[in-house]
Amino acid sequence: MSDRARPLTAAEITHLPVACQTCVFWELPNSPRGPQPQRAAEATEAKHLWYRSVELDWGAPGIVLREGDTTLGFATFMPAGQAHRTRRLGATPSDDALVLATLWVAPDARGAGVATTLLHRVLRRAHDAGLRAVEATGARDAAAPCMLPEAFLVASGFVVHHHHPRFPLLRLDLRQTVRWQDAMEHALEGVRAALSRRERRTAPSTP
């Protein structure tokens, strides 16, 4: 399964769900949430340009997990300096943190460990970049589009770093996850077996 995880570059955007291809909520701080079918071409181009810019300055801002031609899930993230949306939501991310924006799992792959695998990949990316933590904005309304549910982040080990009535900023310190590499290898093995059973459990469903 590990060889099916690849950097989410501008060239890989076409493998994302259609709704996510025209959503630039995290890329453009003034953009509305969700897909923009009325201006799809403009939104898609803006997304490609943002990805290319981050790639050139910092590296691919995401990871996509695929099985053949099927996208099982993806995560998007960025350095703190690029997290303009996070600031607009009321918190300034820490300079020593990688900012996790999105973690999406395909309906047929939920309950198979894909979310865990992606999260561990994000942790490894933060570690490789010399950062000390991963931070993410959580939504207390679990149905908020384009937002990660706070409950999911807390269940994954994040703690509230900046309080907000609707959109707290949560943090997962890498020093608290010293065994994450071993856990990731175990998770990767589990994904293949679980996918074959197609178990269905709750996982983040909003892009």
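Just so we're clear, the structure is a prediction, and the values are computed from it rather than from any experiment. Just so you know, residue 1 is the first one in the sequence shown, and it goes up from there.
Across all non-hydrogen atoms, the minimal contact from V160 to P168 is CG1-CB, 4.3 Å. Of all non-hydrogen atoms in P35 and C23, the two that sit nearest each other are N-CB, 4.1 Å. Closest of all the heavy-atom pairs between P93 and L169 is CA-CD2, 4.1 Å. Here the closest heavy-atom approach between residue E55 and residue P61 is recorded as CG-CD, 4.1 Å. Between A5 and I63, the shortest heavy-atom distance links the atoms CB-CG2, 4.5 Å. Scanning both residues, L119 and L103, for their nearest heavy atoms gives N-CD1, 4.1 Å.
Between L174 and L131 the shortest side-chain heavy-atom distance does not fall below 4.5 Å. Contact annotation: the side chain of W50 approaches that of Q82 to within less than 4.5 Å [non-hydrogen atoms, C-beta and beyond]. At a threshold of 4.5 Å between non-hydrogen side-chain atoms, the residues F25 and P145 do not count as touching. Annotation: side chain of H127 is not in contact with side chain of L123 (no heavy-atom distance under 4.5 Å). Here the side chains of R88 and N30 are in contact, with some heavy-atom distance below 4.5 Å. Side-chain contact between L16 and W104 is absent, with no heavy atoms from C-beta onward closer than 4.5 Å.
In this structure, L100 is a member of the same hydrophobic cluster as L8, with clusters built from ILVMFWY side-chain heavy atoms closer than 4.5 Å. A single hydrophobic cluster is seen to contain both V154 and F167, as judged by linkage of ILVMFWY side chains at heavy-atom distances under 4.5 Å, directly or through other members. Using a 4.5 Å cut-off between side-chain heavy atoms of Ile, Leu, Val, Met, Phe, Trp and Tyr, with links allowed through other members, W58 and Y51 fall into the same hydrophobic cluster. No chain of hydrophobic side-chain contacts below 4.5 Å, direct or via other Ile, Leu, Val, Met, Phe, Trp or Tyr residues, connects V24 to F74.
Using modelled atom types, no side-chain atom of H164 and backbone atom of T137 make a donor-acceptor pair closer than 3.5 Å. Here the side chain of R66 pairs no donor or acceptor atom with the backbone of T71 at under 3.5 angstrom. Checking side-chain atoms of R132 against main-chain N and O of A97 turns up no donor-acceptor pair under 3.5 Å. Not one N or O on the side chain of R171 forms a donor-acceptor pair closer than 3.5 Å with the backbone of H161. For W26 (side chain) and C146 (main-chain N/O), a donor-acceptor pair under 3.5 Å exists by modelled atom type. With hydrogens and angles disregarded, a donor-acceptor distance shorter than 3.5 Å links the side chain of R87 to the backbone of A83. Distance alone, capped at 3.5 Å, places no donor-acceptor pair between the E135 side chain and the V99 backbone. Side-chain atoms of R52 do not come within 3.5 Å of backbone N or O of A10 as any donor-acceptor pair. In this structure, the side chain of E12 does not engage the main chain of P7 through any donor-acceptor pair within 3.5 Å.
Counting non-hydrogen atoms of neighbouring residues, nucleotides and ligands closer than 6.0 angstrom, the CG atom of D57 exceeds 12 such neighbours.
Considering CZ of R121 and CZ of R6, their distance stands at 11.5 Å, rounded to 0.5 Å. Taken from CD in E42 to OG1 in T22, the straight-line distance is 11.5 Å, to the nearest 0.5 Å. To the nearest 0.5 angstrom, D108 atom CG is 12.5 Å from E67 atom CD. Here T116 contributes atom OG1 and L118 contributes atom CG; the two are 9.0 Å apart, rounded to the nearest 0.5 Å. Distance check, rounded to the nearest 0.5 Å: CG of L72 to CG of L65 gives 5.0 Å. Interatomic distance, L98 CG to M78 CE, rounded to the nearest 0.5 Å: 9.0 Å.
Under the side chain to side chain donor-acceptor pair (under 3.5 Å) test applied with Q36, the options R39, R33, Q38 reduce to a single match, R39.
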message: With side-chain contact (heavy atoms from CB on, under 4.5 Å) as the criterion, how do E150 and F158 come out once you've worked through the C-alpha distance, each side chain's angles and the decisive distance to 0.1 Å?
response: CA-CA 9 Å; E150 180 188 21; F158 287 76; over 6 Å; no

- request: For the pair M147 and L89, evaluate side-chain contact (heavy atoms from CB on, under 4.5 Å) and give the outcome as yes or no after the intermediate values.
  value: CA-CA 11 Å; M147 305 285 291; L89 290 171; 3.9 Å; yes

